[in-house]
Amino acid sequence: MKFICTQCGKAADSATMACHCECGGLFSLPQDHLPLWDKSLIDQKVWSLFRYHAFMNLDADEWKFVSMGEGMTPIVPFNEDVLFKMDFMMPTLSFKDRGAAALVSHMKAIGVKKCVQDSSGNAGVAVAAYCARCGIECEIYVPEGTSPNKISMIEGFGAKAVVVPGSRDHCADVCRSKVEEGAYYANHVYNPYFYEGTKSYIYETFEQLGRLPENIFIELGNGTLFIGAVLAVEHLLRSKAIDKAPNLIAVQSENCAPFMETVEQNADHIVSVDVKPTLAEGIAIGKPARGAEVLEMIRKHSIRVVTAPEAQILECRRQMAAKGFYVEHTTAAALAAYYRYQELYGPTHDALISLCGAGLKSEH
Ligand SMILES: Cc1ncc(COP(=O)(O)O)c(C=O)c1O
Ligand SMILES: [Zn+2]
């Protein structure tokens, strides 16, 4: 399998231990060679997201050992307009298992023995779990303020959790200095295998409903769910399985919204923003590493960005719990953003929101 550099276009063997191209650009995996969507290619014997393996870039069959049944999450109505996709029903209780299962399958295939990763929590938990399953040693860097429950899970899987004072962006910088020293970077943003897993969010929805909802709200920090979803929608369009793209809406935190600012200013590059504290820790990314790629997707598909009002997050979390959905704050932020979207653009029917993380992971 070949990686393609998103900056200079040069190809590299995907078995590389390097986390980016020599030019500094991040890698991507080609999509156009994959077969067009065809229901008969769904592997009906596989009860995990790997039932879509025909449409994913994967090395050999490692996933058969690595998979813990992630994906296949139910879609449940919240009210007559909103559907929830229950992505907290995963081995480590967040959607990050979609990407981690694919990434760690790749790592096992190329013989990685030891890795480092930085995360606001959930991706670190997911990578730590799958590494534990495969006997890969791992060290997870998390910013101070990360929920203690997430740190306990990381440690529970036998990984080392390193708490870094300062912002989420600083935490990533500290981790990357370890990568410069030679550690394999099992990072959900850098490594394109992660997106092969998150593509399944859309494939599953399409298979379960037999259609895609009109409005799909996607939490956007670095964009791991966002990029996977866009790649899958583009694939379904290319396959003529759908004749038009759903209205994708990217959700950012009001207190950390680089994509919102960039779109509003119509800037060429991701503008730098002040990152204020937010309850939505999962999407508090001020310097998204794939910012240019995500921005290009936003522009190409005319994707709207909406922010979650900070003051509404706890109320939304209560509302969701009152109907039986116990989610973490970042997830409640998506519902807050849905209400905000309605204020801006009017009644919004047939909407899908990812319940991206479970409530027991956050404190209050
Ligand atoms: C619960 C939850 N939702 C959404 C996100 C956003 O994912 P990304 O930063 O890849 O866009 C995260 C990231 O950690 C998360 O933990
Ligand atoms: Zn390059």
Side-chain angles (χ1 to χ4, degrees), residues 2-12 16 18-28 85-88 90 92-100 103 117-127 140 142-143 146-147 149-150 153-154 168-169 171-172 187-192 194-195 197-198 201 217-230 248 250-253 256-259 278-294 297-298 305 308 313 317 326-335 337 353-362:
K2 291 280 180 217
F3 281 152
I4 307 293
C5 173
T6 53
Q7 208 161 280
C8 73
K10 211 167 128 186
T16 177
C19 68
H20 56 64
C21 173
E22 291 151 4
C23 79
L26 299 192
F27 293 129
S28 64
K85 185 145 173 65
M86 311 279 277
D87 263 21
F88 56 18
M90 293 267 190
T92 76
L93 315 179
S94 88
F95 82 93
K96 297 282 186 187
D97 289 344
R98 292 187 185 277
L103 168 58
Q117 146 79 317
D118 55 87
S119 157
S120 66
N122 282 326
V125 172
V127 167
I140 309 287
V142 293
T146 298
S147 306
N149 287 347
K150 291 180 183 169
M153 282 179 84
I154 290 168
R168 168 72 183 87
D169 295 310
C171 170
N187 183 266
H188 52 299
V189 191
Y190 272 51
N191 200 306
F194 205 90
Y195 308 110
T198 56
Y201 183 74
F217 287 76
I218 298 188
E219 298 85 346
L220 173 60
N222 271 306
T224 57
L225 183 58
F226 180 89
I227 292 175
V230 171
L248 296 171
V251 173
Q252 294 232 277
S253 153
C256 179
F259 289 106
T278 170
L279 286 170
E281 63 184 12
I283 48 175
I285 306 293
K287 291 188 288 176
R290 287 189 188 263
E293 222 173 297
V294 170
M297 288 175 162
I298 287 176
V305 187
I313 294 177
R317 192 169 188 246
Y326 195 58
V327 299
E328 69 168 272
H329 298 129
T330 306
T331 303
L335 183 64
I353 293 178
S354 160
L355 299 197
C356 46
L360 285 178
K361 284 187 165 185
S362 39

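In listed order, ligands and their atoms are each counted from 1.
- Here Thr224 has heavy atoms under 4.0 Å from ligand 1 in both its backbone and its side chain.
- Inside a sphere of radius 2.8 Å centred on the Zn ion (ligand 2), the protein N/O/S atoms present are Cys5 SG, Cys8 SG, Cys21 SG, Cys23 SG.
- Geometrically, Arg290 does not engage Tyr195 in a cation-pi contact, judged by NZ or CZ lying under 6.0 Å from the ring centre and within 45° of the ring axis.
- Using a 30° and 60° split on the angle between ring planes, Phe3 and Phe27 fall in the parallel class, below 30°.
- Near Glu328, the atoms of ligand 1 lying under 4.0 angstrom from a non-hydrogen atom of the residue are 1 (C).
- Residues satisfying the salt bridge (charged side-chain N to carboxylate O under 4.0 Å, His left out) criterion with Lys150, sequence neighbours excluded, are Glu281, Glu328.
- The distance criterion of under 3.5 Å between nitrogen or oxygen atoms is met by Asn222 with respect to ligand 1.
- Distance check: Ser253 OG to Ile285 CD1 gives 10.5 Å after rounding to the nearest 0.5 Å.
- Distance check: Leu335 CG to Leu355 CG gives 9.5 Å after rounding to the nearest 0.5 Å.
- Screening Val294, Ile298, Val251 for a side chain to side chain contact (heavy atoms under 4.5 Å, CB included) involving Val305 leaves a single residue, Ile298.
- The nearest non-hydrogen atom to atom 15 (C) of ligand 1, considering only Asn122, Asp87, Ile227, comes from Asn122.
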Determine, stepwise, if the pair His20 / Gln7 fulfils side chain to side chain contact (heavy atoms under 4.5 Å, CB included). CA-CA 10 Å; His20 56 64; Gln7 208 161 280; over 6 Å; no
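- Within the 4.0 Å heavy-atom criterion, neither part of Phe226 lies near ligand 1.
- Each of Ile154, Ile140, Val142, Asn191 was compared with Gln117 under the side chain to side chain contact (heavy atoms under 4.5 Å, CB included) criterion, and only Ile140 meets it.
- Between Gly221 and ligand 1, at least one pair of N/O atoms sits closer than 3.5 Å.
- With rounding to the nearest 0.5 angstrom, the CD1 atom of Ile283 is 7.0 Å from the CD atom of Glu219.
- Of all protein heavy atoms, the one lying nearest to atom 12 (C) of ligand 1 is Gly282 O, 3.4 Å.
- The residue among Ala284, Cys356, Ser119, Gly223 with a heavy atom at the shortest distance from atom 11 (O) of ligand 1 is Gly223.
- Ligand 1 places these atoms under 4.0 Å from at least one heavy atom of Ile283: 6 (C).
- One finds the CG atom of Asp97 at 13.5 Å from the CZ atom of Phe88 (value rounded to the nearest 0.5 Å).
- Heavy-atom proximity to atom 7 (O) of ligand 1, evaluated over Arg290, Gln252, Glu219, Lys96, is greatest for Lys96.
- Residue Ile218 holds its CD1 atom at 5.0 Å from CG of Leu225, rounded to the nearest 0.5 Å.
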